[in-house]
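Right, one structure below, let's go through it.
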Protein chains: 2
Amino acid sequence: MRGISRLARELKLSSGTISRALNNKSGVNPETRRKVLAAAERLGYEPNQAARTLASGRTGSIGFMIDLDRDSVSNGDSFFMGVFDGVQTELALHDLDLLVLPCPSRQDKFAYLDKMISRQQVDGMILSEIESDDARIDYLKEAGVPFVTLGRTTSNQHYSWVDLDFEGVAQVAVDRLVSLGHRRIAITVPFGKVNFGRVFKTAFAERLAFHGLEFDSQLVFQTGIGEEDGYHLVDPMIDRPDPPTAVLLIFDATAIGIYRRLSERDLAPGTDFSVIGLRDEASVRYLRPGLTSFDVSLHDVGRELARALLPQVSGGAPAMVDLIQVKVPMELKARQSDCPVASRAIRDPLLLNGG
Amino acid sequence: MRGISRLARELKLSSGTISRALNNKSGVNPETRRKVLAAAERLGYEPNQAARTLASGRTGSIGFMIDLDRDSVSNGDSFFMGVFDGVQTELALHDLDLLVLPCPSRQDKFAYLDKMISRQQVDGMILSEIESDDARIDYLKEAGVPFVTLGRTTSNQHYSWVDLDFEGVAQVAVDRLVSLGHRRIAITVPFGKVNFGRVFKTAFAERLAFHGLEFDSQLVFQTGIGEEDGYHLVDPMIDRPDPPTAVLLIFDATAIGIYRRLSERDLAPGTDFSVIGLRDEASVRYLRPGLTSFDVSLHDVGRELARALLPQVSGGAPAMVDLIQVKVPMELKARQSDCPVASRAIRDPLLLNGG
DNA sequence: CTGAAAGCGCTTACAG
DNA sequence: CTGAAAGCGCTTACAG
């Protein structure tokens, strides 16, 4: 005799009453509830999750799908760790657990998701590494499964998502560079199918237009996430007939390689060439000159994800719930890697000291 | 009518036969099995995991617990991603799924584990970030839950674990430095409760003894994982009355700060001071001079974890299964950050060029 | 080789 | 407020 029936025998109550007491249902004598909770505590009772799920149709878990494929991995562990923690903070308030579902690199993402959903392993899903046209979104909508995405597609607007505020970043960064006299600004975007590069590029182009500047697709450079990728960006940029005077990075770690190649070319970042990063990563926090970049609370990103999902999970049918689309703001961290546009002849010594 | 009973009606078979066919049990007419599988495919049948678990007592899932507490997070980079992928590769062969269980930073690790186990969410557990005396291990042994750890405790020997081959690293690194003339070698170990620093230190001390060198506890330095931690290591090391001439790192990213502080002190890594890393991280791969370090296949680490766990899960009682304790070998990647011990007066120009 | 039936441990209308 | 009972969708001895 185990589980609820053990408690029932012990307390001379029916298992129904035990269940109602344990689950905080209304219509239970307070004294009875107290006794049940005390006995559960004393006997170390924990409900069997499988039985609960089978009976109620709810798993009590939210899935967070990540992609282990290195080619599409654009964020290291620490990015997701911060987000997970934020998600948990919010889910815990609703007695929901987070299960991270890592899609193996060799497996098709769609098939993996399909399996998890069909088996009914979770009550809702958080998707990451969203592609420009991501079939998973239509699938989940079709299946009526509550979900929210970390990132947005280009096409589909009718779903809830949370994303970094690329528009805000583009605005602040472009405004800043333009006010420093820059007119030709390069931008880097990721390889692969993930969509945020396109989002960033679009926002960037729009802000250029705001300033009456032309968007030059020649100044868009694809890059990987590593230092060496940054290293190889420099020559194609500065050897152009009409080179840019500044660059916006999509991956901060590329700054290390950019700095190195610039110095090999006898150019100094923050003096001869301006560099602005997108997301303050620990790995470049001690670069000199300090990289002007943007800071975001990963914990907040996680919380927003959970908040966008919860109404779908606990409320009515997903279709009845308002769409929630959130851009998590990013805060400029001005350092010394950007400067007034200047020919190499005119260096302002003040800027070298991080003015 | 859904699930198996739908198939049963469709095929005019009992649900028992459907179940046996689907699960590849013996004693099913091959023709019947073929029909069942075809119908399942056609109707898009996927078994309800909760019902399966409740009936069979098996979840078909393995949990991998990670700690989101930033203080004990000791692997930046994409350490876990690589490991997860390796685990999945092996689990997939046995029709097992991997669920990553992230313990929120504010929650007690033990309580979190207890909850997951009590609810019977997984058939087996992989634990990471093992502490010197980790209560979770005794708990899982007691509970009879199959498990394996990524890392080892100091105390308890009677469980299966997989770890990096710190002994091998210490041996190769010490041998190398000693042959280059070094006699005073520093070592860095992590802050916090995780145990691998102690493992590394012990192996290091033993290899020194092998060479008849004394282990000087003054040359053991605690460090965090970041560049700035490395930066702050340098002064306390080189300002000693009897300073070391080389250091073994526990976190490669600290090398960036070490390089920077050395150069501020007018010392060159790989010339005036030798540095050897532990695990080749992407973030320092383009440091100059190149960091001599060790390479490990994270995929192999994951596979070994799964292999150590599987006999417990599918075989008999955990107690009946042989212990598996694996050190995953690490391969030296010799670069230019270590060199013959030399006073600053005697620099060999060849070494500067990475000889 | 197949079917009928019990049972896994819960939840939840339905009576009382 | 509590109990008796059905049922969630499977698996698995047990008969035949």
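The chains referred to below are lettered A, B, ... by the order of the sequence lines, with proteins before strands, and numbering in each begins at 1.
The listed nucleotides are C:dT11, D:dC1, D:dC10; the one nearest the side chain of A:R52 is C:dT11. Ranking D:dT11, C:dC1, C:dT2 by closeness to the B:V28 side chain, first place goes to C:dT2. Nearest to the side-chain atoms of B:N29 among the listed nucleotides C:dC1, C:dT12, D:dC1 stands C:dC1. When the nucleotides D:dG3, C:dT2, C:dC10 are ranked by their closest atom to the side chain of B:T32, C:dT2 comes out on top. With C:dT2, D:dT11, C:dC10 as the candidates, the nucleotide lying closest to the side chain of B:I4 is D:dT11. Listed nucleotides D:dC8, D:dT11, D:dT12 differ in distance to B:K25; the shortest reach to its side chain belongs to D:dT12. Distances from the side chain of A:S19 to the nucleotides C:dT11, C:dC1, C:dC8 place C:dT11 closest. Closest contact between the side chain of A:L54 and the listed nucleotides D:dT11, C:dT12, C:dG9 involves C:dG9.
Remark: C1' of D:dG9 and CD of A:Q121 are 15 Å apart, rounded to the nearest angstrom. One interatomic measurement links the two molecules: CG of A:N48 to C1' of C:dT11, which rounds to 13 Å at whole-angstrom precision. One interatomic measurement links the two molecules: CZ of B:R6 to C1' of D:dC8, which rounds to 18 Å at whole-angstrom precision.
Contact annotation: A:S5 side-chain N/O to C:dG9 OP1/OP2 distance is not under 4.0 Å. Between B:N23 and D:dT11, a side-chain N or O to OP1/OP2 separation shorter than 4.0 Å is present. Taking side-chain N and O atoms only, B:S14 has a distance below 4.0 Å to OP1 or OP2 of C:dG3.
Between B:S118 and A:Y45, the side chains place no donor N or O within less than 3.5 Å of an acceptor N or O (distance only, hydrogens not considered). Defined by atom type and a distance below 3.5 Å, a donor-acceptor pair is missing between the side-chain atoms of B:D134 and B:T153. Between A:T154 and A:N195, the side chains place a donor N or O and an acceptor N or O closer than 3.5 Å (distance only, hydrogens not considered).
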Derivation of the side-chain hydrogen bond (donor to acceptor under 3.5 Å, both in side chains) call for A:D85 and B:S105: CA-CA 7 Å; A:D85 207 38; B:S105 57; 2.6 Å; yes
Go through the steps to decide whether A:L310 and A:E90 satisfy the test side chain to side chain contact (heavy atoms under 4.5 Å, CB included), and finish with yes or no. CA-CA 9 Å; A:L310 282 165; A:E90 209 66 24; 4.2 Å; yes
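Residue-to-nucleotide proximity on DNA chain C shows that, of B:R20 and B:Q120, the 5′-proximal contact is made by B:R20. Residues B:G16 and A:L22 both approach DNA chain C. Their nearest nucleotides, taken by heavy-atom distance, put B:G16 toward the 5′ side.
Pairing for C:dG3 is with D:dC14, a Watson-Crick or G-U wobble pair whose two hydrogen-bonding atom distances lie under 3.5 Å.
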